[in-house]
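What follows is a set of notes on a single structure, which appears directly below.
Lettering of chains follows the sequences in order, A, B, ..., and the numbering in each one begins at 1.
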Amino acid sequence: MKDNVSNLISAALESMSCDDMLGDAPLPTPQIEHTKDERHGDLASNIAMVLAKAAKKAPRDIAAIIIERLPENTVIERCEIAGPGFINFFLSQSTNLAVIEDALTQGATFGTNNDGGGKPVQVEFVSANPTGPLHVGHGRGAAIGDSLCRLLEASGWQVQREFYYNDAGQQINNLAASVKARLDDKTPDADDWPADGYQGEYIIDVANAFREGATVVAADRTVQASANIRVLDEIKDFAVAWLRREQDEDLKAFGVDFDRYFLESSLYDSDEVEHVVDVLKQHGQTYEKDGALWLRTTEHGDDKDRVMIKREGGYTYFVSDVAYHKNKWDRGFTRVINEQGADHHSTITRVRAGLQGLQSGIPEGWPEYVLHQMVTVMRDGSEVKLSKRAGSYLTLRDLIDWVGQDATRFFLSARAATSQLTFDIDLALSKSNENPVYYIQYAHARICSVMDKAKIEMPNWDVSDGLHNLEQLTEQEELRLALTLSKYSEVVRSATQKLEPHLIANYLKELAADFHSFYNAHKMMDDDRTLATARLALAGASQIVIANGLTLLGVSAPRAM
RNA sequence: GCGCCCAUAGCACAACUGGAUAGUGCACGUGCCUUCUAAGCAUGAGGUUCCAGGUUCGAGUCCUGGUGGGCGCGCCA
């Protein structure tokens with residue numbers, strides 16, 4: 001719809017340009033926007049004001065000429081010049097209602113596009129360390145990351161979802177030591193409890209299972225506990241597998257599936273970490289100081305150089321991160337998006353610096369990052385502190401069990417990632433009818449209910465019957481709903497380009513509000529059956545758009561509530 | 001001290017990346033169920049968009065400097 005009008009304006013501009021009315025500047029692409037106030041028409045353009053300088057004419061005069069030179073068409077009913085020089089477009093009724101047929105015929109694919117052209121994109125998200133259950137912050141990453149993937153898929157990208165496991169390094173040693181301590185019947189208040197040990201109750205569960213010789217099936221491996229409490233490596237393998245299984249189950253309960261789990265340890269096994277260091281050395285990106293090997297990250301925008309190999313040997317964590325991203329690049333992913341918590345933002349410069357130092361043709365801005373700000377959890381009017389080491393904290397699983405998968409996913413992805421998020425447990429629990437997710441789902445359920453009634457009262461009725469009667473839709477609530485429906489495709493495209501899934505949530509709230517207004521103002525099963533079929537077609541289109549939008553957020557569209 | 005993010009109605013958030021009279025939900029006031037789901041609708045009140053400058057036809061949006069909050073600044077990950 002926007003494109004149609006944009007093309008018409010461009011044609012008018014070309015005609016003006018031929019008559020040398022617009023100066024030498026190149027013709028701009030007309031900016032078209034939806035109006036906030038319906039008195040301003042359906043669409044508006046600021047093009048006349050943009051051209052004012054180059055054309056050396058008053059914006060309103062330019063606007064008049066543009067309108068005069070618009071090609072013949074059936075899209076625009078009339079135009080007005082308004083304010084400082086806006087051109088307001090009032091579209092024909094058939095143009096505004098065309099979205100109904102589009103939605104009904106395209107169904108689940110309505111709103112999708114092929115901007116991605118089938119190109120591959122890899123999205124890494126969650127990537128929690130296997131040292132404890134997933135908490136609410138991971139949940140936010142999971143909700144945003146998975147919705148990003150769904151958006152990219154809806155825009156024609158071929159998406160791979162990947163989870164990176166830090167199964168090497170000090171935190172894993174702490175985990176093994178913690179389980180070992182529990183096997184030795186120590187408690188966190190003991191004098192010889194491991195420093196930086198994990199104190200949570202779940203460590204006891206791991207220890208008990210290990211002692212009983214349990215078998216754990218995780219995403220890519222099966223580990224049988226040896227029950228030999230003296231062998232730390234076996235405890236480590238078992239504990240990692242145990243916690244990975246826990247995390248996988250929580251993510252499944254959240255509706256999030258990964259295509260690939262990538263293990264940090266595999267980068268050491270394959271010598272990829274070592275190789276990265278060698279290449280950086282060859283390119284003169286490193287130097288030795290204080291017995292350690294440093295990378296010149298300051299040459300790529302960092303505020304200080306970073307150690308790669310510690311004085312007492314061993315790589316620092318970011319070296320394996322660089323190797324991991326080199327691996328992604330070598331797998332052919334020219335586009336990679338990392339969704340992670342903002343508390344890790346300092347790694348961005350470091351990883352990119354390491355990749356640039358490899359001089360292997362990786363673009364400077366690669367990979368892309370989506371950072372989400374912290375989630376604070378309120379319960380009983382005070383903040384619940386999240387600390388893995390301290391033990392008691394609110395897990396993602398707790399949240400799903402309490403408020404449900406739909407509400408949890410919606411809340412965690414409905415806000416801009418750049419904003420901090422307060423998750424109020426009491427509100428989510430005690431007043432669940434205030435949740436916007438119910439408001440949206442209710443609209444969907446209402447439509448389904450009316451559809452069922454229509455089938456009973458009109459035995460041969462099909463939802464597409466009304467497409468022949470759309471001219472019956474003239475009420476304000478009907479037209480506004482249709483207009484909102486017609487914005488959906490643009491919202492999907494915009495949310496994908498900006499990597500902001502919360503725009504979908506905002507849109508769905510608006511759409512649901514327009515539907516509820518329509519529903520209350522007019523009876524769909526009108527005695528005039530011609531009008532009824534037209535309204536049912538409008539409702540059917542709304543049903544499809546609500547369902548498609550909720551799917552992008554990983555939220556269900558129930559047929560009844 | 002330095003870097004990144006944020007600041008909009010009492011509360012929680014929008015505002016299509018520079019457009020017209022800044023919107024929505026909750027809470028508050030008043031109405032609407034013998035009619036398709038009242039988890040809904042209608043209507044009213046509520047604002048110096050943190051402050052001070054700047055850029056231009058036009059600024060919640062961009063620039064500079066402040067103020068307040070979050071996160072980071074390790075040879076931890």
Side-chain angles (χ1 to χ4, degrees), chain A residues 2 31-37 39-40 44-46 49 52-53 58-59 82-86 88 129 131 166 168-172 174 196 264 290-294 302-304 306-318 320-321 341-349 371-374 376 414-422 424 427 431-439 441-443 445-454 457 477 487 490-491 494-495 498 502-503 505-507 509-510 512-513 515-526 532 535-536 539 560-561:
Chain A
K2 266 189 187 177
Q31 298 291 311
I32 309 286
E33 61 185 10
H34 291 281
T35 56
K36 286 177 192 163
D37 188 329
R39 284 172 302 183
H40 296 146
S45 178
N46 64 350
M49 289 177 283
K53 229 172 210 171
F86 289 101
N88 293 337
N129 289 339
T131 54
N166 292 105
Q170 194 51 42
Q171 300 205 24
I172 297 300
N174 290 343
D196 298 326
E264 180 188 10
D290 303 333
L293 185 73
W294 296 68
D302 206 353
D303 56 348
K304 60 179 95 164
R306 305 290 167 175
V307 169
M308 290 171 55
I309 300 179
K310 298 178 238 180
R311 191 187 309 130
E312 62 273 17
Y315 302 98
T316 55
Y317 74 95
F318 92 91
S320 55
D321 274 2
D343 54 338
H344 289 93
H345 79 259
S346 61
T347 66
I348 296 174
T349 313
L371 302 180
H372 64 262
Q373 296 293 320
M374 301 294 96
T376 51
R415 232 140 261 171
T418 51
S419 293
Q420 288 156 234
L421 173 64
T422 302
D424 189 331
L427 186 76
K431 298 180 179 177
S432 62
N433 59 334
E434 287 175 13
N435 289 355
V437 64
Y438 291 115
Y439 184 76
Q441 288 180 321
Y442 186 50
R446 269 184 155 174
I447 296 169
C448 293
S449 173
V450 178
M451 294 288 178
D452 290 344
K453 187 181 156 106
E457 292 191 16
E477 291 84 359
K487 293 180 188 173
E490 292 160 28
V491 173
S494 170
K498 296 171 173 177
H502 76 281
L503 295 175
N506 289 342
Y507 169 80
K509 277 189 262 186
E510 183 188 337
F515 175 77
H516 287 306
S517 292
F518 161 62
Y519 180 93
N520 277 277
H522 307 290
K523 189 171 179 181
M524 263 181 266
M525 290 301 297
D526 196 274
R535 285 184 175 157
L536 286 165
M561 290 176 74

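For B:rC6, the O4'-C1' to base torsion is more than 90° from 0; the nucleotide is therefore anti. Glycosidic conformation of B:rU8 is anti; the angle lies outside 90° of 0.
Nucleotide B:rG72 forms a pair with B:rC2, judged by Watson-Crick or G-U wobble geometry with both contacts under 3.5 Å. Under the Watson-Crick and G-U wobble criteria, each requiring two contacts below 3.5 Å, nucleotide B:rA38 is left unpaired.
Residue-nucleotide stacking is present for A:H40 and B:rA20, judged by a side-chain ring centre under 5.5 Å from the six-membered base ring centre and planes under 30° apart. Aromatic stacking is marked for A:F86 over B:rA20, as both cut-offs hold: 5.5 Å for the centres and 30° for the planes.
Taking every heavy atom of both residues into account, A:A44 and A:T35 meet most closely at CB-CG2, 3.7 Å.
The P atoms of B:rA27 and B:rU61 are separated by 32 Å, rounded to the nearest whole Å. Nucleotides B:rG65 and B:rC28 are separated by 40 Å at their C1' atoms, to the nearest Å. B:rG40 and B:rG47 are spaced 29 Å apart, taking the C1' atom of each and rounding to whole Å. On the C1' atoms, B:rC6 is 16 Å away from B:rA14, given to the nearest whole Å. The separation of B:rU17 from B:rC11, taken at their C1' atoms, amounts to 27 Å, rounded to a whole angstrom. B:rG31 and B:rC71 have their P atoms separated by 47 Å, given to the nearest Å.
Sequence order on RNA chain B of the closest nucleotides to A:H34 and A:M49 puts A:H34 first from the 5' end.
The phosphate of B:rU37 has OP1 or OP2 within less than 4.0 Å of a side-chain N or O from A:S449. An OP1 or OP2 oxygen of B:rC36 is reached within less than 4.0 angstrom by no side-chain nitrogen or oxygen of A:R535. Contact check, A:T349 against B:rG3: no side-chain N or O comes under 4.0 Å of OP1 or OP2.
Taking the side chain as every heavy atom from C-beta outward, A:L421 and A:Q373 never approach each other to under 4.5 Å.
Relative ring orientation between A:H522 and A:F518 is described as tilted, the plane-to-plane angle lying within the 30° to 60° band.
By the 6.0 Å and 45° rule, A:R446 does not stack over the aromatic ring of A:F515.
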